[in-house]
2 protein chains.
Amino acid sequence: MAKERVTVVDIARAAGVSKSTVSLVLQGSSLVNETTRAKVNAVIRELGYVYNRSAANLRQAKSKIIGIVVNDLTNSFFAELAVGVDAVVQSAGFVQFLANTGEKIERQREVIASMREHGVSGLIISPARGTEVRDLAPLVASGIPVVLVVRDIAEAGVSSLISDNHAGAMAAVRHLIERGHRRIAFLGGFPDTAVFEARMRGYRDALREAGMPTPDELIIGSAPSRAGGVTAIEQAMMLKERPTAALCFNDAVAFGVCDGLRARRLEPGADFAVIGFDDVIEAKTAVPALTTVSVDPQGMGDRAAQLLLKQINAGRAEPEAIVSPVRLVVRQSCGGTVERRVKEISS
Amino acid sequence: MAKERVTVVDIARAAGVSKSTVSLVLQGSSLVNETTRAKVNAVIRELGYVYNRSAANLRQAKSKIIGIVVNDLTNSFFAELAVGVDAVVQSAGFVQFLANTGEKIERQREVIASMREHGVSGLIISPARGTEVRDLAPLVASGIPVVLVVRDIAEAGVSSLISDNHAGAMAAVRHLIERGHRRIAFLGGFPDTAVFEARMRGYRDALREAGMPTPDELIIGSAPSRAGGVTAIEQAMMLKERPTAALCFNDAVAFGVCDGLRARRLEPGADFAVIGFDDVIEAKTAVPALTTVSVDPQGMGDRAAQLLLKQINAGRAEPEAIVSPVRLVVRQSCGGTVERRVKEISS
DNA sequence: CTTAATAATTGGAACGTTCCAAGTTCGTCA
DNA sequence: TGACGAACTTGGAACGTTCCAATTATTAAG
């Protein structure tokens with residue numbers, strides 16, 4: 001059953017031309033005569049030829065593979081990001097290598113190395129928690145185009161595309177203040193991440209702007225997951241002075257917060273205002289529909305891929321740091337029976 | 001900035017050995033002297049050598065890449081499946097190529113072709129809807145190990161790993177019957193898929209077994225998504241004889257059904273019993289926690305990867321069709337007994 | 001001290017493509 | 001008729017590895 005591999009030479013022989021001509025046909029060159037091309041293509045189909053990219057690559061040293069490294073594929077934000085990347089990358093004739101690091105630096109190191117060995121022409125990375133400049137240094141030094149998404153790493157010397165976490169958080173908190181809330185919590189997320197830091201700063205700045213205090217007890221970290229949201233809201237409700245609203249680190253946390261509220265017989269939206277962050281697909285259809293800061297993961301993936309392709313084509317480009325604007329999508333979970341509206345925030 | 005690539009020959013020269021020795025070191029061969037190995041490794045690190053897999057696999061025709069093709073990465077079931085595959089594949093020293101077909105046959109054809117060109121040593125495929133034997137024929141003929149997951153394709157002549165949809169659906173419906181339900185709906189999913197067909201048959205068989213009628217009006221298809229669940233339950237509640245319970249095509253649909261119930265001021269679990277299928281991560285933490293047929297996507301990915309690796313190592317193996325057992329996980333969404341609930345509603 | 005066995009190393013021929021410089025046809029123009 | 005160029009076609013040298021057979025260095029045995 002182990003058939004011999006059919007190569008360009010076999011095709012050439014069968015079609016009565018030289019291997020060079022076959023190669024030209026494979027590349028769609030305009031140099032080759034129409035009838036020759038047809039004949040070669042016919043033979044290719046007939047013999048079931050499969051192009052060997054390893055061989056091609058070896059010769060031309062550019063691979064049509066781009067790599068995408070995400071820190072948590074089970075989080076649908078990243079899955080959607082990957083889908084966004086995939087779409088543009090595929091239509092540009094590239095194929096995507098996807099790896100999941102599960103937030104493990106060591107794994108991340110391995111997969112990046114592996115991708116380099118496979119000769120990827122560019123890399124989109126959503127870094128694992130705790131990634132440092134030196135983790136990326138060899139990669140950057142090699143000159144392979146890299147785009148960091150979601151989490152930026154200062155001084156890494158590569159392009160990045162992150163959402164405007166600070167402005168988004170401010171907008172959300174301002175909205176809660178406008179609705180009359182005075183005790184607003186910030187729930188969920190790991191405090192040692194840049195994203196947490198930016199969102200939390202936005203939260204603080206909005207409170208300060210309104211001349212309101214920012215008690216530390218109202219900032220409660222947790223795993224950035226649904227389960228984390230449950231524990232965070234539980235902790236918040238143990239306070240003697242309970243909050244009446246919360247900005248959550250992300251949508252997963254926000255859903256968990258809603259779950260936790262219901263477990264205490266409180267109705268999210270009615271008895272307690274909840275705002276999420278990211279606008280994952282389920283945010284729209286959940287009950288109550290989640291008010292959230294929309295980040296559009298697929299759109300981000302799309303833009304990241306565009307940026308990467310641009311750099312690949314340009315050869316060598318200056319790194320750009322793009323901050324992607326973000327908008328507050330007001331739905332039901334932040335209370336009342338408000339008409340749905342959308343606030344644009346420019347960054 | 002475009003540095004010259006450093007190759008084994010450069011390493012050999014710098015270390016004062018031959019390229020063959022360097023190659024041996026790279027492969028961790030025991031043939032090479034300890035001090036030589038150390039010296040070579042030092043030079044490798046010093047020069048920042050990157051192994052060129054294209055060249056290697058050109059020579060040895062086996063690639064350490066396995067491909068995974070999924071039909072919908074935004075569905076967390078498949079994302080988790082991919083994570084499960086990734087884990088075992090990585091620890092076996094392989095790297096995974098992941099592509100998302102978005103249920104498009106054409107795209108699926110392209111990505112499979114692309115993976116073959118890259119010389120993958122095996123492929124795990126969750127086929128797009130409507131995939132036929134002939135779509136896979138050339139792949140199968142090539143002798144590359146293939147494992148189909150989630151959706152089987154009869155007569156394709158490759159291994160498959162699917163969950164026991166029929167038994168799972170039966171168990172779920174039996175459970176609802178035991179709780180006293182008499183009008184049980186089957187909600188969501190596309191009727192023209194094998195998975196739908198199997199789950200629906202299980203639903204029917206359980207009803208028949210209990211001597212209950214199976215009215216077609218209670219079987220309502222929809223997109224297998226949260227939004228689909230909302231529309232399906234709405235349609236079900238328009239019936240003059242409403243159901244009191246539903247087995248849903250999958251968890252996403254079940255969540256949508258819960259959303260739809262709440263929109264009608266009905267509490268899932270208390271006023272209406274909902275059972276899902278798949279047991280995605282959120283099922284456990286949702287409120288109410290979702291009763292569901294547990295399929296354990298990561299475990300399936302794990303097993304699929306094992307199966308594939310076995311075939312890769314065995315060279316040529318007989319295709320196996322594995323039906324993965326499934327269990328009903330009873331949580332809160334299927335509520336108490338109907339008697340009690342009826343009382344509560346009428347009082 | 002020779003010989004055999006073992007351990008370590010090595011040069012060169014693959015692998016299947018692309019690219020280059022050079023070749024062949026063939027029609028056209030003077 | 002011959003020269004010229006356009007339109008194709010082509011042989012062979014890369015590309016960076018691995019693998020084989022062969023070589024050299026080292027140790028053990030006689």
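Per chain, numbering begins at 1; letters A, B, ... match sequence-line order. Side chains are part of it too, since the values below use all heavy atoms of this structure and drop only hydrogens, waters and symmetry mates.
- A search for ring-ring contact (aromatic ring centres under 6.0 Å, His included) contacts involving Phe78(B) returns nothing, not counting sequence neighbours.
- In this view, Arg37(B) and Val25(B), Val32(B), Glu34(B), Asn41(B) satisfy the side-chain contact (heavy atoms from CB on, under 4.5 Å) rule, not counting sequence neighbours.
- Residues meeting the ring-ring contact (aromatic ring centres under 6.0 Å, His included) test with Phe94(B), sequence neighbours left out: none.
- Checked against side-chain contact (heavy atoms from CB on, under 4.5 Å), Leu47(B) has the following partners two or more places apart in sequence or in another chain: Val6(B), Ile11(B), Ala14(B), Val43(B).
- For Lys310(A), the side-chain contact (heavy atoms from CB on, under 4.5 Å) partners two or more places apart in sequence, or in a different chain, are Leu307(A), Glu320(A).
- Counting non-hydrogen atoms under 4.0 angstrom, Ser54(B) reaches nothing in the nucleic acid.
- What separates CG of Leu31(A) from C1' of dC8(D) is a distance of 8 Å, to the nearest Å.
- Applying the ring pair (Phe, Tyr, Trp, His ring centres under 6.0 Å) definition to pairs two or more places apart or across chains, those involving residues 97-126 of chain B are Phe97(A)-Phe97(B), Phe97(B)-His118(B).
- When all heavy atoms are compared, the tightest approach of Gln90(A) to Ala99(B) is NE2-CB, 4.3 Å.
- Here chain B contacts DNA chain C (any atom closer than 4.0 Å to a heavy atom, that is under 4.0 Å), and the contacts span dA8(C) to dG16(C) from 5' to 3'.
- Sorted by first then second residue, the side-chain hydrogen bond (donor to acceptor under 3.5 Å, both in side chains) pairs that include residues 73-83 of chain B, not counting sequence neighbours, are Asp72(B)-Thr74(B).
- Note on the helix from dC1(C)-dG30(D) to dA30(C)-dT1(D): terminal axis deviation equals 50°, with five pairs used at each end and the result rounded to 10°.
- Remark: Ser23(A) pairs with Gln27(A) by the side-chain contact (heavy atoms from CB on, under 4.5 Å) rule, at least two apart or across chains.
- Screening residues 150-162 of chain A for salt bridge (Lys or Arg N to Asp or Glu O under 4.0 Å), with sequence neighbours left out, gives Glu103(A)-Arg151(A).
- The stretch residues 16-28 of chain A touches DNA chain D through Val17(A), Ser18(A), Lys19(A), Ser20(A), Thr21(A), Leu24(A), each having a heavy atom within less than 4.0 Å of the strand.
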